[in-house]
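Everything below concerns the one structure shown next.
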Amino acid sequence: MSVLFPKVNKPREWDYRPIYFDEEKEARKDKKLARLRRGAFREEHEKNMTELRRKKQSKLGFWIALLVLLLFAFYYLL
């Protein structure tokens, strides 16, 4: 059979995927690179920590005011 039909290798397939410009992907990539600059993580962390401190202080103030109000209520009712 090899005399009549010799083995012929198939040509190598060409797997070409065109690359398109994705504007959103490039914007995300640039944003990520900007965040990775030196000190960016620290700045973001400090900003988040100040927001958390404000929230904790406001909760603490609420509980202190509530406690004072309850103490006055008990003092005048008893």
Side-chain angles (χ1 to χ4, degrees):
M1 196 136 165
S2 65
V3 174
L4 295 175
F5 301 103
K7 183 177 177 183
V8 178
N9 292 333
K10 291 182 180 178
R12 190 168 41 171
E13 292 182 13
W14 190 42
D15 186 23
Y16 173 72
R17 290 185 212 137
I19 300 172
Y20 295 101
F21 178 73
D22 187 4
E23 191 172 333
E24 291 176 13
K25 185 177 178 182
E26 290 295 321
R28 280 182 298 200
K29 184 178 170 185
D30 292 341
K31 205 176 205 183
K32 184 177 180 182
L33 287 175
R35 273 190 274 140
L36 290 178
R37 67 178 171 77
R38 185 171 175 87
F41 291 114
R42 181 178 296 153
E43 292 169 3
E44 191 70 27
H45 177 71
E46 288 174 356
K47 185 177 89 172
N48 290 338
M49 291 308 292
T50 55
E51 291 174 6
L52 286 174
R53 283 188 200 121
R54 262 189 258 130
K55 288 179 183 178
K56 285 183 180 180
Q57 287 175 350
S58 64
K59 286 182 183 179
L60 181 64
F62 168 76
W63 288 111
I64 290 173
L66 184 64
L67 181 63
V68 169
L69 183 66
L70 288 174
L71 288 173
F72 279 121
F74 283 128
Y75 179 72
Y76 285 114
L77 292 176
L78 297 178

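In this structure Trp14 satisfies the ring-ring contact (aromatic ring centres under 6.0 Å, His included) test together with Tyr16, sequence neighbours excluded. For the salt bridge (Lys or Arg N to Asp or Glu O under 4.0 Å) test, residues two or more places apart in sequence or in another chain that qualify with Asp15 are Arg17. With sequence neighbours left out, the side chain to side chain contact (heavy atoms under 4.5 Å, CB included) criterion links Phe21 to Glu23, Glu26.
The residue from Lys32, Lys31, Lys25 that alone fulfils the side-chain contact (heavy atoms from CB on, under 4.5 Å) condition with Arg28 is Lys25.
Distance CG/Leu69 to CD1/Ile64: 13.5 Å, rounded to 0.5 Å.
With contacts defined as side-chain heavy-atom distances shorter than 4.5 Å, the pair Trp63/Leu67 does not qualify.
If you chain together hydrophobic residues whose side chains sit under 4.5 Å apart, Tyr75 and Leu66 never meet in one group.
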